[in-house]
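Read through the structure below, which is laid out as structure tokens, and then see the notes.
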Amino acid sequence: MKPSTICVQGGWQPGKGEPRQLPIYQSTTFKYETSDQMARLFDLKDAGFFYTRLQNPTNESVAKKIADLEGGVAAILTSSGQAASFFAVFNICEAGDHVVSTSAIYGGTYNLFAVTLKKLGIETTFVDQSASEEEIQAAFRPNTKCVFGETISNPSLDVLDIAKMSAIAHKNGVPMIVDNTFATPINCRPFEHGADIVTHSTTKYMDGHATQVGGAVVDSGNFDWDAHADKFPGLTTPDESYHGLVYTQAFGKMAYITKCTVQLMRDLGAIPSPFNCFLLNLGLESLHVRMPRHCENAQAVAEFLETQEDVAWINYPGLPSHPQHELAMRQFDKGYSCGVVTFGIKGGRERAIKFMDSLKLAAIVTHVADARTCVLHPASHTHRQLTDEQLLEAGVKPDLIRFSVGIEDVEDIIDDLKQAFAAIK
Ligand SMILES: *Cc1c(COP(=O)(O)O)cnc(C)c1O
């Protein structure tokens, strides 16, 4: 099935007389007839539901839809995008290991790698993704276990060359993990470009209506863990917490996601509620209709902003002035990237704030990728404690406005921008 059909019909497949819409299995537990039936589940000898922290039918259906959208073999849903990024890396890294990540990533992920993973004994080297292959290669160590990058980075909107980074990862015998939140599988399917594992903050476009915080990890099933067995003992040697089971032997292409579920979810417990998964599924049912509209509106907004004399600079992958415009056109379906545009206002921080406060239709919220147009000024909000100098070091210009273009009539969005420009004259 094509992505549009998977959005609408993927995941839940009702049988005769069963509900047409995905049921919410709001139950912590599941009943069995004999003690032995339950014991076989705990030994991973039979597949089935027994406790919602490990698996739940509602969650499973939505995970399957997302796995199918990405063209993967399996997926796991998590309670947030942050948990998804953590699980994706921690499933194959432990104390003493090393990660290579591009520096153009979401601030929360940067903190996770630079601060929290470091406390757990996992070090990260950040690389400039536009550097030469030799420079990126220099970041690798014998204990490197994965490469991480973002298809389109939040908020800097850098476009990752997935084929190039995946090739470097594979040369070093490690998988490429890609956070595909901003592009979504409607605009880009990283597995088609060589990535091995995909993560999502489903909080953003996948939900699209600002109703639930969630995440997903998807496995392509393509990375050959056994070919690099010495690097990935967690997958290729016996797990004593399951009577010496070896994940790659017992589960083949499902090894990575199975370990994520039965080990990380068992021990860390970052599960989404079945109700949140139901809401996410409603969002997914229209993802393929919303994404083109977000992108067409964002393109029109970006082209309008380019004509404004009060705009100091503008950044959008759909504009020829974007540093990776050609890559975006090549890598993304129909050249559609995402609905987020960033730009600066002449006159710096003060005028940027006045401009934002003058917007009426675009709401000031800590969110992006919503059906409703929204806006954030990182220097005043998420990066508020930093001086202008520190902001520049963090890659956030003091005048940067992150404008998340919604799916309203684009004329109304542009009219709102026009009246805000008039207000700062
Ligand atoms: C928001 C976001 C995250 C974190 O997701 P949460 O659901 O907020 O935990 C990770 N990556 C990207 C690209 C994001 O935009």
Side-chain angles (χ1 to χ4, degrees), residues 44 72-76 84-102 105 109 112-114 116-127 129 133-150 160 162-179 190-191 193-199 217-242 244-268:
L44 307 183
V73 292
I76 182 172
S85 304
F86 177 61
F87 275 36
V89 171
F90 199 61
N91 202 33
I92 47 174
C93 290
E94 58 188 45
D97 286 344
H98 175 251
V99 175
V100 172
S101 172
T102 67
I105 52 172
T109 315
L112 169 68
F113 290 174
T116 301
L117 283 188
K118 199 168 171 206
K119 285 186 194 163
L120 293 173
I122 300 164
E123 271 193 66
T124 303
T125 302
F126 294 97
V127 296
Q129 61 196 43
E133 202 175 318
E134 292 71 39
E135 286 172 280
I136 295 171
Q137 179 60 42
F140 283 83
R141 304 176 190 169
N143 58 342
T144 303
K145 297 298 167 73
C146 62
V147 179
F148 189 96
E150 231 165 87
L160 179 70
I162 301 171
K164 169 183 143 183
M165 286 302 276
S166 301
I168 299 173
H170 296 158
K171 226 169 97 184
N172 289 277
V174 299
M176 180 72 211
I177 306 176
V178 173
D179 180 338
F191 297 154
H193 304 278
D196 303 287
I197 290 150
V198 156
T199 62
V217 183
V218 191
D219 184 11
S220 65
N222 292 337
F223 193 82
D224 188 348
W225 309 103
D226 283 323
H228 308 280
D230 53 320
K231 280 192 195 290
F232 305 103
L235 284 158
T236 60
T237 62
D239 179 350
E240 294 315 327
S241 71
Y242 284 108
L245 171 142
V246 176
Y247 291 99
T248 51
Q249 283 173 13
F251 302 106
K253 281 187 181 297
M254 307 292 278
Y256 175 90
I257 292 295
T258 304
K259 177 175 180 286
C260 226
T261 304
V262 303
Q263 212 182 59
L264 297 190
M265 211 44 113
R266 179 195 64 185
D267 298 349
L268 300 169

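All of these numbers come straight from a predicted model, not from anything done at the bench.
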* Asked: Quick one: does Thr248's side chain have a donor or acceptor within less than 3.5 Å of a partner on Leu235's backbone?
  -> yes

* To do: Apply side-chain hydrogen bond (donor to acceptor under 3.5 Å, both in side chains) to His98 and Thr125, showing your working.
  => CA-CA 8 Å; His98 175 251; Thr125 302; 2.6 Å; yes

* **Reported NZ-to-SG distance for the pair Lys231 and Cys93, which is rounded to 0.5 angstrom** => 11.0 Å

* **Student check: side-chain heavy atoms of Met254 and Val73 closer than 4.5 Å** => yes

* Structure fact -> Between the CD atom in Gln137 and the CG atom in Asn172, the distance rounded to the nearest 0.5 Å is 4.0 Å

* Would you indicate whether the side-chain heavy atoms of Leu160 and Val178 approach each other to under 4.5 Å? => yes

* **Check against side-chain hydrogen bond (donor to acceptor under 3.5 Å, both in side chains), Asn91 and Gln263** => CA-CA 9 Å; Asn91 202 33; Gln263 212 182 59; over 6 Å; no

* Structure fact -> To the nearest 0.5 Å, atom CZ of Phe223 lies from atom NE2 of His170 at 6.0 Å

* Nearest heavy atoms of Arg266 and Val262, plus distance in Å -> CB-O, 3.1 Å

* Pairwise side-chain contact, Val147 with Ile168, heavy-atom cut-off 4.5 Å (strictly under) -> no

* Asked: Roughly how far, to the nearest 0.5 Å, is CD1 of Ile136 from NZ of Lys171?
  -> 10.5 Å

* Structure fact -> Here the gap from Tyr256 atom OH to Ile197 atom CD1, rounded to the nearest 0.5 Å, amounts to 4.0 Å

* Asked: Can you find a pair of side-chain heavy atoms, one from Leu44 and one from Leu245, that are under 4.5 Å apart?
  -> yes

* Just by distance, do the side chain of Ser166 and the backbone of Ala163 share a donor-acceptor pair under 3.5 Å? -> no

* Structure fact -> Residues Ile92 and Cys146: closest non-hydrogen pair is CD1-CB, 3.9 Å

* To do: Return the minimal non-hydrogen interatomic distance between Gly72 and Val218, and the atom names on each side.
  => CA-CG1, 4.2 Å

* Just wondering, do Leu264 and Phe86 contact through their side chains at under 4.5 Å, heavy atoms? -> no

* Asked: So do Phe251 and Lys259 actually touch side chain to side chain, heavy atoms under 4.5 Å?
  -> no

* Asked: Closest heavy-atom contact between Phe126 and Thr102?
  -> CD2-O, 3.8 Å

* To do: Mind checking the CE-NZ spacing from Met176 to Lys164? Nearest 0.5 Å is all I need.
  => 11.0 Å

* Asked: Should Val89 and Leu117 be marked as a side chain to side chain contact (heavy atoms under 4.5 Å, CB included) after you check the CA-CA gap, both sets of side-chain angles, and the distance that decides it?
  -> CA-CA 9 Å; Val89 171; Leu117 283 188; 4.0 Å; yes

* **side-chain hydrogen bond (donor to acceptor under 3.5 Å, both in side chains), paired with Tyr247, selected from Thr237, Thr258, Asp239** => Asp239

* To do: Might you point out which heavy atoms bring Thr144 and Arg141 nearest each other, and give the distance in Å?
  => OG1-N, 2.8 Å

* Structure fact -> Sequence neighbours excluded, the answer for ring-ring contact (aromatic ring centres under 6.0 Å, His included) partners of Phe113 is Phe148

* Between Pro175 and Phe232, what is the shortest heavy-atom contact and its length? -> CD-CZ, 3.6 Å

* Asked: Is Thr199 close to Phe87 at the side-chain level, that is, under 4.5 Å between some pair of heavy atoms?
  -> no

